[in-house]
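Position 1 is the first residue of the sequence; numbering continues from there. Heavy atoms only: backbone and side chains are in, while hydrogens, waters and symmetry mates are out. In this text the structure is predicted, and so the values were computed from the model without any measurement.
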Amino acid sequence: CLVGSEMCIREAIDVSNNDNCLQILFQFPLHESDITVADKNGNIVINEQQTSIYEGKTLYIYTPEDYPYTIEITSPAVDITGEITLEEED
């Protein structure tokens, strides 16, 4: 589940946990972006600088255990900060 300050974040980024791998799927293009994902202890697990996000771009975190994760995307067009949390199953 991706939680952020803007409602459009939920529609723009799809997060799923499949086969012991956290997948972050982007649903929008964004150029010259810096993408940082950090675990709950502040350890950076993804750091991509000046990358182009295209629709369908996927980032992976293998064996995710340190929820919540913080995702930060900065670009000339928009800045996005959100939190990836683990949803409890019923």
(message) Just verifying a value: how many Å separate L59 CG and L22 CG, rounded to the nearest 0.5 Å?
(response)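 It comes to 9.5 Å.
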(message) Nearest 0.5 Å, please: how far is CD1 in I53 from OG in S33?
(response)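 Output value for this atom pair is 4.0 Å.
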(request) Kindly give the cluster partners of Y54, where membership spreads through any ILVMFWY side chain lying under 4.5 Å from a current member. (result)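 Answer for Y54: none, a lone residue.
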(request) Among Ile, Leu, Val, Met, Phe, Trp and Tyr joined by side-chain contacts under 4.5 Å, find the other residues sharing a cluster with Y60 and list them by chain and number. (result)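 The other cluster members (ILVMFWY side chains, heavy atoms under 4.5 Å, direct or chained) are Y62.
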(request) Check whether any side-chain N or O of T81 sits under 3.5 Å from a backbone N or O of D79 as a donor-acceptor pair, and report yes or no. (result)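 Judged by distance alone, no pair lies under 3.5 Å.
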(request) List the steps, then state whether side chain to side chain contact (heavy atoms under 4.5 Å, CB included) holds for T70 with I84. (result) CA-CA 6 Å; T70 301; I84 302 169; over 6 Å; no
(request) Looking only at non-hydrogen atoms, find the nearest pair between N20 and P64 and report the distance. (result)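 Scanning both residues, the minimum pair turns out to be O-CD, 3.5 Å.
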(request) Indicate the atoms forming the closest heavy-atom contact of P76 with H31, along with that distance. (result)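 The pair with the smallest heavy-atom distance is CD-O, 3.8 Å.
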(request) Output all residues satisfying side-chain contact (heavy atoms from CB on, under 4.5 Å) with S16, sequence neighbours left out; order by chain, then residue number. (result)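 Expected list: N18, Q23.
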(message) Test of understanding: with side-chain contact (heavy atoms from CB on, under 4.5 Å), list the residues that count as partners of E55, not counting sequence neighbours.
(response)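 None.
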Within the structure provided, determine whether [X] and [Y] are in side-chain contact (heavy-atom separation under 4.5 Å).
X: I80; Y: S75; value: no
X: V37; Y: I24; value: yes
X: L86; Y: N17; value: yes
X: L25; Y: V15; value: no

(request) Return each pair, listed once, that meets salt bridge (Lys or Arg N to Asp or Glu O under 4.0 Å) where at least one residue sits in residues 29-43; pairs must be two or more places apart or across chains. (result)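 Sorted result for residues 29-43: empty, none.
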(request) Just do the side chain to side chain contact (heavy atoms under 4.5 Å, CB included) check on I46 and T36 with the steps written out, would you? (result) CA-CA 5 Å; I46 295 176; T36 304; over 6 Å; no
(request) State which residues pass salt bridge (charged side-chain N to carboxylate O under 4.0 Å, His left out) with E48; sequence neighbours excluded, sorted by chain then number. (result)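 Residues passing salt bridge (charged side-chain N to carboxylate O under 4.0 Å, His left out) with E48: K57.
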(request) Apply side chain to side chain contact (heavy atoms under 4.5 Å, CB included) to F26 and T58, showing your working. (result) CA-CA 6 Å; F26 294 90; T58 305; over 6 Å; no
